[in-house]
Enquirer: 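Take a look at this one; I'll ask things after.
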Amino acid sequence: MLPDPSRLGLFVVAALVLLLTPGPAVLYIVTRSVDQGRRAGFVSVLGVHAGTLIHVAAAAAGLSAVLATSVTAFSVVKYLGAAYLIYLGVRQLVSRVAEPADLTLDAEPRLSRAFLDGFVVNVLNPKTALFFLAFLPQFVAASRGAVPAQMACLGLVFCVLGLVTDGLYALTAGSAAHWLRARRGVALTRRWIPGTMYIGLGLVTAFAGSSRSK
């Protein structure tokens with residue numbers, strides 16, 4: 001079900017270039033990691049790519065074509081995703097941020113919320129579905145048959161690569177959280193910077209044109 005080695009190698013290179021280029025998903029992961037630490041960042045990565053699996057399955061089943069052909073469906077999903085990002089920003093702005101000595105970055109409720117938020121943010125991104133609809137078929141050999149299975153396998157490879165690259169973003173950004181936790185007087189900054197970034201991502205998602213999904 002996988003393409004030949006040369007085609008697979010080309011797919012890996014192209015996927016890495018796309019994954020390493022910062023976009024909304026990467027910015028979400030970085031923001032969460034800076035705000036709540038490495039563990040929350042890693043859980044956010046898992047949530048984002050659990051959402052990616054939904055888009056891979058939709059592309060393999062041909063459901064992504066609905067978004068490509070229906071302006072209404074595309075707009076509904078896009079604005080839902082934008083609204084959810086803005087909701088995350090507003091929630092962050094009105095939340096109480098603890099002082100550094102009281103922070104518990106590894107709290108389980110925050111980790112479950114980080115996973116759910118990452119999942120919803122990526123599922124409600126129609127450009128991710130269109131990305132897979134346009135990207136995966138370029139590396140599928142129709143002559144080998146089982147096109148949906150080939151697309152699903154390539155999508156899984158993409159997810160594994162994404163776990164690695166986004167995990168590195170979470171690791172790097174999460175280190176800043178521990179630096180901030182060691183300093184007093186940063187509670188207001190920890191509230192406003194992530195909050196405004198989420199709201200900014202929501203506005204970009206709502207008003208952006210045909211930019212890349214990741």
Side-chain angles (χ1 to χ4, degrees), residues 1-3 7-8 10-32 41-85 87-88 114-140 142 146-167 169-170 198 201-202 204-206 208-214:
M1 290 185 289
L2 286 174
R7 189 186 294 263
L8 180 60
L10 183 61
F11 172 79
V12 169
V13 171
L16 286 174
V17 170
L18 292 168
L19 286 166
L20 290 172
T21 304
V26 169
L27 293 177
Y28 166 77
I29 291 167
V30 168
T31 302
R32 177 72 75 170
F42 291 141
V43 172
S44 296
V45 171
L46 294 177
V48 164
H49 288 289
T52 299
L53 290 176
I54 300 299
H55 288 293
V56 171
L63 298 179
S64 297
V66 175
L67 290 177
T69 57
S70 173
V71 175
T72 301
F74 182 91
S75 297
V76 168
V77 176
K78 181 179 74 169
Y79 290 125
L80 283 175
Y84 192 77
L85 284 168
Y87 157 75
L88 293 180
F115 181 91
L116 178 62
D117 287 345
F119 178 80
V120 174
V121 164
N122 212 25
V123 167
L124 292 180
N125 186 355
K127 295 174 187 175
T128 303
L130 298 184
F131 162 75
F132 280 110
L133 186 65
F135 182 67
L136 294 185
Q138 299 180 42
F139 300 91
V140 170
V147 170
Q150 291 187 59
M151 293 182 67
C153 286
L154 289 173
L156 290 176
V157 171
F158 185 92
C159 285
V160 171
L161 294 173
L163 289 172
V164 174
T165 58
D166 288 343
Y169 277 115
Y198 287 137
L201 284 175
V204 168
T205 301
S210 56
S211 59
R212 66 188 291 277
S213 64
K214 189 81 173 111

Enquirer: Are any non-hydrogen side-chain atoms of Tyr28 and Asn122 less than 4.5 angstrom apart?
Expert: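 The answer is no; the side chains never approach within 4.5 Å.
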Enquirer: Taking all heavy atoms of Ser44 and all of Arg32, pick out the closest pair and write down the distance.
Expert: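 Nearest heavy atoms, Ser44 then Arg32: OG-CG, 2.9 Å.
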Enquirer: Taking all heavy atoms of Gly41 and all of Ile29, pick out the closest pair and write down the distance.
Expert: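 It is O-CG2, 4.1 Å.
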Enquirer: Quick check: closest heavy atoms across Phe132 and His55, and the distance to 0.1 Å?
Expert: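 In this case the closest contact between Phe132 and His55 is CD1-CB, 3.9 Å.
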Enquirer: Quick check against the 3.5 Å criterion: does Tyr169 have a side-chain atom that pairs as donor or acceptor with the backbone of Leu27?
Expert: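 Not at all, since once roles are kept as given, no pair shorter than 3.5 Å links the two residues.
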Enquirer: Would you say the side chain of Leu163 lies within less than 4.5 Å of the side chain of Val45, judging by non-hydrogen atoms?
Expert: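 With C-beta onward as the side chain, the pair touches.
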Enquirer: Identify the heavy atoms of Val123 and Gly51 that sit nearest to each other, and give their distance.
Expert: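 Smallest interatomic distance, heavy atoms only, reads CG2-CA, 3.6 Å.
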Enquirer: What is the minimum heavy-atom distance between Phe115 and Ala50, and which atoms define it?
Expert: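 Phe115 and Ala50 have their closest heavy atoms at CZ-CB, 3.9 Å.
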Enquirer: For Phe158, which of Val12, Leu19, Val56, Leu16 qualifies under side-chain contact (heavy atoms from CB on, under 4.5 Å)?
Expert: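 Of Val12, Leu19, Val56, Leu16, side-chain contact (heavy atoms from CB on, under 4.5 Å) with Phe158 is met by Leu19 alone.
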Enquirer: Can you tell me how far apart CG (Leu18) and OG1 (Thr165) are? Round to the nearest 0.5 Å.
Expert: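 Those atoms lie 10.5 Å apart.
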Enquirer: Could you check whether the rings of Phe11 and Phe139 sit parallel, tilted or perpendicular, using 30° and 60° as the cut-offs?
Expert: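 Perpendicular: the ring planes of Phe11 and Phe139 meet at over 60°.
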Enquirer: Roughly how far apart are Thr52 OG1 and Asp166 CG, rounded to 0.5 Å?
Expert: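 Between Thr52 OG1 and Asp166 CG, I get 8.0 Å after rounding to 0.5 Å.
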